[in-house]
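Take a look at the structure set out below.
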Amino acid sequence: MSEHVPPSIRIQKEDFDAAREAERLTRGRRDVGAVVTFIGLCRDEHGTLAALELEHYPGMAEAEISRIAAEAMARWPLGGLTIIHRHGMVRPGENIVLVVAASRHRHAAFEAASFVMDFLKTEAPFWKKQHLTDGTNGGWVEAKESDAEMLGRWTREN
Amino acid sequence: MSEHVPPSIRIQKEDFDAAREAERLTRGRRDVGAVVTFIGLCRDEHGTLAALELEHYPGMAEAEISRIAAEAMARWPLGGLTIIHRHGMVRPGENIVLVVAASRHRHAAFEAASFVMDFLKTEAPFWKKQHLTDGTNGGWVEAKESDAEMLGRWTREN
Amino acid sequence: MTKLVYFAWVRERIGVPEEEVALPPEIETVHDLLRWLKGRGEEYAFALAHEDVIRVALDREHTDHDAKLAGAREVALFPPMTGG
Amino acid sequence: MTKLVYFAWVRERIGVPEEEVALPPEIETVHDLLRWLKGRGEEYAFALAHEDVIRVALDREHTDHDAKLAGAREVALFPPMTGG
């Protein structure tokens, strides 16, 4: 891209505005042909979940997401990349994570956003505790085998 | 998904509001865990392009995009799918196409949005004429081999 | 009568966006139609010179050059698509 | 002194979010550290019972159980991550 923009990474308690973040990557630019936005939201698990409590490892969370972002920027020609991950209490229907990738061409934007999410799921130090609607503690969300398996998709051939 | 929403397809001259379209797929719902939004924009081709004139085949454009949307809904468990394609004059930095896919899980949303874009590029009856900044007619955009090759990614294994 | 519709540079070269034609009964396939159209004048010959790149839709559904017209009421001819 | 930090159910089971410890010189690897911690009390033994699922970061970088501590100042122990 003619204008190289460093990735923007934020770990925050507050909600984010996905549209504003996407607009930040394209405003005043005419070399961006594709913007892919991923929003991860809290589901209510068929009405059983009252909230997710997101714990994170301050300092390492930023470092790890920065590493994932740098890897994405190195693999695909991106005009911009924004990653925001919330912590604290998040209720069903609310936002948890945002990834926005901008590029000249659609495949770079799609691949980069998908790559970031796959690594974020398994490598970024965040944990989810479930608070149930019946008032009980639903325990910690367990890591899924399928998430770890997804990483195999991104093994470099060279 | 607990609430099945038919795909929303629009071919229009007017711009669209990507954030509002994404919000329409999640508003009042608590079973959506992932929303992927793709925005295709007009690039200025290093300052040479003044505008793209998008011609389409009315009637067939809607029918063809509906067919692609139905195929995506059949392949992935989607909670919602919105596709908007503009026609007429579009200037650099402006929006051309929008795809929003909502699902419980991220991979369905990513795959469905990417699938829709690949087929839309090669199967939806739209053509782009280039108007150059030097006032000349830049001719019709040529179809790319690489776009046709991308369809091979989606060949069903069964 | 059959309605023929043209798009993009096919439309520009032929010079009209659409027309109604009475096809001779021996025109059975898309291929036959393209050959017949090319004999109608130099603008058609120019527009359809490279037959292999011309895409065809019968009643708004993509089809290939071997397909039979089979009474289609609207036949569209256009270059490879470049939407999205 | 080495700072140990715990997260999620590792933190809940051990009962403190972090602590400073003086590691004996024979503790060379992550594996040695886990064994040593399990001997410190039943809350540690419970938290680290299934060693193979415990993830470790040395100075905020993921590492495996064979890695040497090599003077790391902050060692973090936690379950598999579930962000995103």
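Lettering follows sequence order; numbering is per chain, from 1. As the structure is a computational prediction, the values presented were derived from the model and not from experiment.
When ring centroids are compared, B:Phe126 and B:His85 come within the 6.0 Å threshold. Here B:Trp76 and B:Phe115 bring their ring centres to under 6.0 angstrom of each other. Aromatic ring centres of A:Phe110 and B:Phe110: separated by at least 6.0 Å.
With a 4.5 angstrom heavy-atom cutoff, A:Ala109 does not touch chain B via any of its atoms. Proximity to chain B involves both the backbone and the side chain of A:Asp118, based on heavy atoms less than 4.5 angstrom apart.
The most heavy-atom pairs under 4.5 Å with chain B, out of A:Arg27, A:Glu111, A:Lys121, A:Arg20, come from A:Lys121. Considering only heavy-atom pairs separated by less than 4.5 Å from chain A, the leading option among B:Pro92, B:Ala22, B:Ser114 is B:Ser114. The greatest number of non-hydrogen atom pairs below 4.5 Å with chain A, out of B:Ala18, B:Cys42, B:Ala113, B:Ala19, is found for B:Ala113. Of the residues considered (B:Val35, B:Asp17, B:Thr26), B:Val35 shows the highest number of contacts with chain A, using heavy-atom pairs under 4.5 Å. The candidate from B:Glu94, B:Glu23, B:His107 with the greatest count of non-hydrogen atom pairs under 4.5 Å with chain A is B:His107. Ranked by heavy-atom pairs under 4.5 Å with chain A, the first of B:Gly93, B:Ala34, B:Gly47, B:Gly40 is B:Ala34.
For the pair B:Arg106/A:Asp147, a side-chain contact is recorded, criterion being any heavy-atom separation below 4.5 Å from C-beta on.
A:Arg29 and A:Leu25 get closest at one heavy-atom pair: CD-O, 3.6 Å.
For A:Glu145, the CD atom is loosely surrounded, since the number of other residues' heavy atoms within 6.0 Å does not exceed 12.
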